[in-house]
Number of protein chains: 2
Amino acid sequence: MKYSLSEENYLKAIYHLEKIAATGVATNAIAEQMETKPSSVTDMVKKLSEKKLVNYIKYQGVTLTEKGKKTALTIIRKHRLWEVFLVDKLKFHWDQVHEIAEQLEHIHSEELITRLDKFLGEPDFDPHGDPIPDKDGNIKRTEKKLLSDLNKNQGGVCVGVKESSPEFLQYLDKKKITIGTKIKVLGKEFFDGSMVILVGKDQSFISKKTAENLYVQTN
Amino acid sequence: MKYSLSEENYLKAIYHLEKIAATGVATNAIAEQMETKPSSVTDMVKKLSEKKLVNYIKYQGVTLTEKGKKTALTIIRKHRLWEVFLVDKLKFHWDQVHEIAEQLEHIHSEELITRLDKFLGEPDFDPHGDPIPDKDGNIKRTEKKLLSDLNKNQGGVCVGVKESSPEFLQYLDKKKITIGTKIKVLGKEFFDGSMVILVGKDQSFISKKTAENLYVQTN
DNA sequence: ATTAAATTTTAGATAAGACTAAAATATTGT
DNA sequence: ACAATATTTTAGTCTTATCTAAAATTTAAT
Ligand SMILES: [Mn+2]
Ligand SMILES: [Mn+2]
Ligand SMILES: [Mn+2]
Ligand SMILES: [Mn+2]
């Protein structure tokens with residue numbers, strides 16, 4: 001029931017990779033994500049397999065079992081709730097909280113999370129717009145598109161970021177874009193995918209890369 | 001600057017033992033406190049010594065260096081601030097917070113503690129009446145006596161507990177005694193040190209052992 | 001002052017988690 | 001099909017933090 005810091009981090013990494021990988025998650029992919037070596041991954045994956053947290057067949061990558069997925073989701077839940085705490089209560093900026101939440105997510109206490117959740121008003125999303133799983137691991141799925149998929153004259157509200165590195169978040173601040181900001185596509189350049197958008201009342205220019213990392217809810 | 005969970009726990013243990021031990025803190029004492037073996041203590045103490053956190057001479061026990069003491073105090077600061085958070089904000093009961101704070105005290109982030117401190121209103125004492133060191137490790141010392149040292153007709157306010165096991169704290173609840181409770185000694189039995197005391201408006205009987213674990217501020 | 005007992009340290013072993021180098025397997029290109 | 005390349009696993013080593021058993025040292029008792 002209680003796993004080590006390392007085991008928890010592996011589960012989380014595999015969970016995130018599983019969402020994008022069609023097939024089993026590759027050893028190399030995990031190694032890259034965790035900034036460790038493939039041989040270390042193999043070792044850990046064997047251990048997780050013995051604990052019935054992942055399905056593992058040599059040379060064929062891993063997938064999470066139900067138990068593994070559930071465990072990963074409780075860690076993600078903790079991570080995101082702590083991020084809400086840091087931003088809403090301690091007034092951290094949204095680009096400063098991930099690192100600290102990486103530590104806080106490993107605190108073991110169900111009671112703590114139950115109370116923290118209530119204290120925060122049972123939020124559905126974290127400061128980056130990512131959904132917070134409930135205690136049973138259910139995630140409230142919402143309609144959202146990448147800004148890059150909108151066409152000229154379409155608009156919506158920014159509801160999340162795909163990338164959430166401090167660098168990107170700070171850039172968004174400079175552009176006056178944050179969760180809840182209204183955005184409308186005024187023009188889209190075919191050549192490089194760059195856009196001219198309306199942010200609130202002001203016009204702004206953004207690159208394709210930026211547009212591909214912003215989620216919006218269309219209206 | 002950043003120490004392992006184990007190193008931090010050793011420093012904390014040595015700090016607490018140093019306050020009661022006249023001479024250097026004994027290997028055995030540390031082992032008992034940490035629920036580990038003396039041989040493990042010797043190993044760790046050597047490492048702490050190399051890092052200039054303790055003064056260590058073979059067979060003569062250890063003392064904290066200034067650096068070691070400062071480090072221990074920041075961990076204690078974190079522990080107690082988190083306890084305040086858990087009780088004041090998350091409405092935990094005072095007998096439920098120590099275990100969780102034992103984990104939270106190892107989260108590394110100065111900014112986090114600075115903000116948490118401010119969020120909590122820069123408290124001077126934790127939920128058990130223990131003083132919270134400031135960022136430089138200074139502790140606000142206060143006048144306080146053990147209830148067992150009071151004589152008949154003397155009274156005061158409960159400002160802390162010496163023991164803070166859940167069992168004792170729950171017993172105090174049953175006796176309607178908590179931090180801030182007014183207590184007056186109505187009678188003291190010479191034979192066994194037991195007392196009849198006035199708690200608020202009600203009379204109560206307590207053993208010597210209980211009286212020896214309650215701090216009061218006399219008026 | 002010796003001896004007995006308690007404390008502390010050393011030596012050697014173990015487990016978790018990580019690494020390097022080499023071997024095994026899978027995938028790709030021609 | 002088969003060689004070249006990429007991926008994955010194995011074998012062996014390292015570090016941190018433990019432990020047990022044995023040796024060294026200190027403390028207490030006669
Ligand atoms: Mn995060
Ligand atoms: Mn987030
Ligand atoms: Mn405590
Ligand atoms: Mn306390």
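Each chain gets a letter, A, B and so on, in the order the sequences are listed, and its residues count up from 1.
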- Query: Counting only side-chain N and O atoms of Ser4(B), is one of them less than 4.0 Å from OP1 or OP2 of dT16(D)?
  - Reply: no
- Query: Any idea which of dT9(C), dT18(D), dT10(D) is nearest the Thr42(A) side chain?
  - Reply: dT10(D)
- Check whether any side-chain N or O of Asn28(A) sits under 4.0 Å from OP1 or OP2 of dT8(D), and answer yes or no. yes
- Do any side-chain nitrogens or oxygens of Lys37(B) fall under 4.0 Å of OP1 or OP2 in dT9(C)? no
- Task: For the pair His98(B) and His79(B), name the ring-plane relationship: parallel under 30°, tilted 30 to 60°, perpendicular over 60°.
- Result: tilted
- Query: Phosphate oxygens OP1/OP2 of dT18(D): is one of them under 4.0 Å from a side-chain N or O of Ser40(B)?
  - Reply: no
- Check: dT20(D) base within 3.5 Å donor-acceptor of Ser39(B) side chain: yes
- Can you check the Ile30(A) CD1 to dT7(D) P distance for me, whole Å? 14 Å
- Task: Please figure out whether Ala29(B) or Glu35(A) has its closest DNA chain C nucleotide nearer the 5' end.
- Result: Ala29(B)
- Item | Value in whole Å for how far the P atom of dA16(C) lies from NZ of Lys51(A) | 8 Å
- If you count the non-hydrogen atoms of other residues, nucleotides and ligands that lie under 6.0 Å from CD in Glu99(B), is the total more than 12? no
- Message: Checking Phe85(B) against Phe85(A) for the ring pair (Phe, Tyr, Trp, His ring centres under 6.0 Å) test, could you report, in this order, the C-alpha distance in whole Å, the side-chain angles of both residues, the deciding distance, and whether it holds?
- Response: CA-CA 12 Å; Phe85(B) 169 71; Phe85(A) 169 71; 5.0 Å; yes
- Nearest-angstrom distance from the residue atom CD of Gln60(A) to P of dT27(C): 8 Å
- Would you indicate, yes or no, if dT9(D) has its OP1 or OP2 atom less than 4.0 angstrom from a side-chain nitrogen or oxygen of Tyr56(A)? yes
- Does the side chain of Lys58(B) get closer than 4.0 angstrom to OP1 or OP2 of dT10(C) through an N or O atom? yes
- Item | Separation of dA11(D) C1' from Lys46(A) NZ (nearest whole Å) | 10 Å
- Between C1' of dT18(D) and CD of Glu7(B), the distance in whole Å: 14 Å
- From CG of Asp43(B) across to C1' of dT20(D) the rounded distance in Å is 13 Å
- Task: When you get a sec, tell me which of dT10(C), dT9(C), dT18(D) is the closest nucleotide to the side chain of Thr36(B)?
- Result: dT18(D)
- Note on the structure: In whole angstroms, the gap separating P of dT16(D) from CE of Met44(B) amounts to 10 Å
- Nearest-Å distance for atom pair CD1/P, residues Ile57(B) and dT8(C): 14 Å
- Is the NZ or CZ atom of Arg115(A) positioned over Phe92(B)'s six-membered ring, under 6.0 angstrom from the centre and within 45° of the axis? yes
- Any chance the side chains of His108(A) and Gln103(B) put a donor and an acceptor closer than 3.5 Å? no
- Item | Distance below 4.0 Å between Tyr59(B) side-chain N/O and dA23(D) OP1 or OP2 | no
